[in-house]
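Here's the structure we're looking at; comments come further down.
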Amino acid sequence: MQPPAALFAKLCTPAPRRPTDESPTVSRGDPNMLDIRALRQDGEAIAEALRKRGYELDLDAFRALDARRKDADVRSQDLQAQRKKASREVGELIKSGMEVDAAKAKVAETLKEIDDQLDGEVERAKAIQEQIRDFLMGVPNVPVEEVPAGSDEDDNVEVRQWGTPRSFDFEPKDHVDVGENLGAGALDFERASKLSGARFAVMTGQLARLHRALIDFMLDTHTGEHGYQEVYVPYLVGPEALRGTGQLPKFEDDLFKMRGERELYLIPTAEVPVTNLAADEIVDADTLPRRYTCHTPCFRSEAGSHGKDTRGMIRQHQFEKVELVQLVRPEESEATLEALTGHAEAILKKLDLPYRVVVLCGGDLGFSAAKTYDIEVWLPSQQRYREISSCSNFRDYQARRMQARWRNPETGKPELLHTLNGSGLAVGRALVAILENYQNEDGSVTVPEALRPYMRGLERLV
RNA sequence: GGAGAGGUGGCAGAGUGGUUGAAUGCAGCGGUCUUGAAAACCGCCGAGGAUUUGCGUCCUCCGUGGGUUCAAAUCCCACCCUCUCCGCCA
């Protein structure tokens, strides 16, 4: 589907921001934020915006629930206030000389009346608050205005292309054939399946080394040239972290969960542990922006992807990724998404791999994302671009879920951060792209210049 | 795995039953002073929520969940986490 010219222009220029005279207070008036106040005030606008991603917000249910909550809050708080007052009275009576028992007797009647209702009312209020929380946890982020309409990846809009796909004077093989020709067991899916079943790979020798070289190269580039700090994190996380970034509660099926009483999950992406570094914190403004880059393996069950990309290592249960994560002030997130996407693109440029950038349409947007650019690398065997990176602005959505805040010096108040992340890049897919784009007719593979320092100068895999 | 210590506001660190959301210090904010800055001095300064046009009033929160009590940061129980020592171990 071709983009209308007007829409294309809109995507390429930064959208105008809100008026500067508006106070920078986080929780009011901005319909892009899915917080409960915004939902009360601008329910219709938010519901409309969510429709763009194919989500139907049940406003009536929310409002009914919210009304019940209000009622329950008022009742339980009133009872609690009465009770506190009575018990303070006892203290004062004792202080002014009354016998302890006499003082107690004086309020016994009142207390009994209150207690008859108190527990029930508090219980009820808690239960309703819980319901509201559950409801809100299940609502995806609101797309920003410039996200194009559309239902699936066919409606994503190309923003730019870089590089020219190489023209081969022989029939290019796909990465599986290239890899298997590189020497016994260089890329071995059969022995991987002996160990772990489908969707795993074994690599040996120079290919394994190239894979590792990619990781080093990416980390060095991001730390050395793009201002990121390298970070090492756990690969097992608890449910709270996954709720924070949005994998839970809705996408538990996509995760590998540990057995045992400790409730731990294998991370599906470094986004989870790295973004959650800021959970439950109020960070100083002068530590922002925080830029983290992190190499981790990623584990995904790929439930619901049966039959998709079954050949090769494009879609694996375990793959390596170098991730970029940024925690920024709200007013910076929009520009940061452009910069971060550029950082991921820089890797492909250095590797001289042709790619294009698309902006995801509403229907293809991930649950927590407000806006996403996918970077797609050219794969000769498929004669098409395939996703190798996904860069998203989550605005304050994840921050709200994980209570990640910063102290705004202008207001002195804690406000929600904006979080972003992107793959920089998916290592397995980068390896696939190199094998396919750098293959030679004799079955060897040229090592991209940028990686040679990481391969002790090796120029070719044979 | 065994023994001990501890989890309090942005940070550090008091507080062991009563009006304490919490001393004090640092940081932060405002002011005095100064040509400016520093220093000094004075004042303000936890978070979330309900309600109100607003002033305000109220509720919750001292790791989590229970319990005792008229009243819990403070007492009791369980759990989680951190630290120290011992054992084991990459």
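Throughout, protein chains are lettered first and strands after them, A, B, ... in sequence-line order, and every chain is numbered starting at 1. All values below come from the heavy atoms of this structure, side chains included, with hydrogens, waters and symmetry mates left out. Quick caveat: nothing in here was measured; it's all calculated off a predicted structure.
- At B:U51, one or more side-chain N or O atoms of A:K70 fall inside 4.0 Å of OP1 or OP2 (strictly under the cut-off).
- Relative orientation of the A:F62 and A:F135 rings is parallel, given thresholds of 30° and 60° on the angle between their planes.
- For the residue pair A:N276 and A:E240, no side-chain donor N or O sits within less than 3.5 Å of a side-chain acceptor on the partner.
- Shown here is A:Q131, whose CD atom has more than 12 heavy atoms of other residues, nucleotides or ligands within 6.0 Å.
- No engagement by A:K85 is indicated, since no non-hydrogen atom pair under 4.0 Å with the nucleic acid exists.
- Counting any heavy atom pair closer than 4.0 Å across all strands shown, A:V107 reaches no nucleic acid atom.
- Ring geometry for A:H317 against A:F200 counts as tilted: the plane angle lies between 30° and 60°, on a 0 to 90° scale.
- When each of B:A47, B:A50, B:U69 is scored by its nearest atom to the side-chain atoms of A:K104, the top-ranked nucleotide is B:U69.
- Listed candidates were B:A50, B:A47, B:A71. Nearest to the side chain of A:S87 is B:A71.
- Among the protein residues, A:R75 comes within range of no part of the nucleic acid, since none of its heavy atoms lies under 4.0 Å from any strand.
- The side chain of A:Q80 has B:U60 as its nearest neighbour among B:U60, B:A47, B:G18.
- Between B:A47 and A:K413, a contact under 4.0 Å exists linking OP1 or OP2 to a side-chain N or O.
- A:R133 comes within 4.0 angstrom of nothing in the nucleic acid, heavy atoms only.
- Mapping A:Q129 and A:D78 onto RNA chain B by nearest heavy atom places A:Q129 at the nucleotide closer to the 5' end.
- Mapped onto RNA chain B by nearest heavy atom, A:Q77 and A:R83 fall at different nucleotides, with A:Q77 at the one closer to the 5' end.
- Checking B:A50, B:C59, B:C70 against every side-chain atom of A:V90, the shortest atom distance belongs to B:C70.
- In this structure, A:P409 reaches neither bases nor backbone, as no heavy-atom distance under 4.0 Å exists between it and the strands shown.
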